[in-house]
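Worksheet for the structure shown next.
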2 protein chains.
Amino acid sequence: MTDIFEALAHPVRRAVLKKLRAGPMSAGDLADAFPVTKPTMSRHFAALKDSGLIRAERIGTTIRYRLNVSVTEDAVAAVMGLLGAGKDDEDGENSHER
Amino acid sequence: MTDIFEALAHPVRRAVLKKLRAGPMSAGDLADAFPVTKPTMSRHFAALKDSGLIRAERIGTTIRYRLNVSVTEDAVAAVMGLLGAGKDDEDGENSHER
DNA sequence: ACGCTAATTAGCGTCAATGCTAAATAATAG
DNA sequence: CTATTATTTAGCATTGACGCTAATTAGCGT
């Protein structure tokens with residue numbers, strides 16, 4: 001489980017999350033929407049999946065990625081914690097399932 | 001003004017923001033709170049300042065850093081945008097090279 | 001089994017981030 | 001002006017991220 005913030009640090013990965021807001025999408029369709037090669041996109045997917053922000057489901061030969069809302073909510077909470085809204089125990093590398 | 005998310009990507013920088021929630025702090029005091037050298041901390045401060053997340057004010061020989069709440073709020077809004085709460089125009093940037 | 005499509009992994013080059021030590025700047029005190 | 005303290009900048013090494021092409025795995029259909 002790598003860092004959520006690290007996953008959010010790359011503009012392409014954030015754009016992938018944005019696209020997935022509309023609903024699940026296949027790796028190929030997702031990759032076609034960006035000006036980088038599929039292998040490169042695959043590594044971005046891996047980073048997002050590793051952080052827990054997205055999930056993968058194999059359908060046939062295709063892999064369908066979808067947003068993992070609960071983890072995205074954690075990211076929101078963490079950033080809000082940096083603001084000062086919370087008590088004092090934010091950014092605590094919580095555990096998530098995949 | 002570099003990317004806010006890039007600034008948030010490093011654990012030390014997030015911890016600095018967390019510390020600054022309690023109020024402004026000098027570069028030296030801030031640096032003493034982390035297990036890295038002052039020059040290294042200085043570069044973390046520069047990254048945070050460059051992203052707009054913190055602001056610097058020279059007091060005498062010391063420099064006082066403080067949280068820039070409005071930009072932190074922007075970060076929260078951006079992450080919430082990734083979730084899907086907003087309409088569809090978040091994370092307004094389409095550049096992907098560095 | 002063979003071929004086709006979808007996606008990932010392997011291998012490589014390049015460039016930026018991170019850390020250090022040493023030197024430079026900024027401001028104050030004497 | 002010199003000394004001292006606070007902080008940053010310069011220079012260097014190491015590591016990791018990112019992108020590519022080529023090769024590999026996975027599943028389906030014939």
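Here is the naming used below: chain letters follow the sequence lines, and residue numbers restart at 1 for every chain.
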- Query: Any side-chain N or O of A:His10 less than 4.0 Å from the OP1 or OP2 oxygen of D:dG19?
  - Reply: yes
Closest to the 5' end of DNA chain D, once A:Glu6 and B:Ile63 are matched to their nearest nucleotides, is B:Ile63
>> For A:Phe5 and B:Phe5: C-alpha separation, side-chain torsions, deciding distance, then whether ring pair (Phe, Tyr, Trp, His ring centres under 6.0 Å) applies.
In response: CA-CA 7 Å; A:Phe5 287 98; B:Phe5 288 98; 8.4 Å; no
Here the distance between atom P of D:dA17 and atom CG of A:Leu8, to the nearest Å, is 15 Å
For A:Asp29, the side chain to side chain contact (heavy atoms under 4.5 Å, CB included) test, sequence neighbours excluded, returns A:Met25, A:Ser26
ask   = Do B:Val71 and B:Ile54 touch side chain to side chain, with heavy atoms closer than 4.5 Å?
value = no
Between CG of A:Asp50 and C1' of D:dA17 the distance, given in whole Å, is 14 Å
The complete set of side-chain hydrogen bond (donor to acceptor under 3.5 Å, both in side chains) pairs with one or both residues in residues 49-59 of chain B, sequence neighbours excluded, reads B:Thr2-B:Asp50
Those residues at least two apart in sequence (or on a different chain) that pass side chain to side chain donor-acceptor pair (under 3.5 Å) with B:Thr61 are none
Sugar-phosphate only, base, or nothing, as touched by A:Arg13 at under 4.0 Å among non-hydrogen atoms
sugar-phosphate
Per-nt protein contacts along nucleotides 20-30 of chain C (heavy atom under 4.0 Å; B base, S backbone sugar-phosphate only, - none) come out as BBB---SBS--
A:Ala9 meets the side chain to side chain contact (heavy atoms under 4.5 Å, CB included) criterion, sequence neighbours left out, with B:Ala9
In Watson-Crick or G-U wobble terms, with both distances under 3.5 Å, the base opposite C:dT14 is D:dA17
For this session: Report yes if at least one side-chain N or O of A:Tyr65 is closer than 4.0 Å to OP1 or OP2 of C:dT8; otherwise report no.
Result: yes
When rounded to whole Å, the CG to P distance for the pair B:Asp3 and C:dA17 reads 11 Å
_Looking at D:dA17, I'd like to know if its phosphate oxygens (OP1 or OP2) sit under 4.0 Å from a side-chain N or O belonging to A:His44._
no
Here the side-chain hydrogen bond (donor to acceptor under 3.5 Å, both in side chains) pairs for residues 31-40 of chain B, sequence neighbours left out, are B:Asp32-B:Lys38, B:Thr37-B:Thr40
Here the distance between atom C1' of C:dA17 and atom CZ of B:Arg14, to the nearest Å, is 15 Å
Rounded to whole Å, the CZ-C1' distance (A:Phe34 to C:dA7) equals 17 Å
Rounded to whole Å, CZ of A:Phe5 lies from P of D:dA17 at a distance of 17 Å
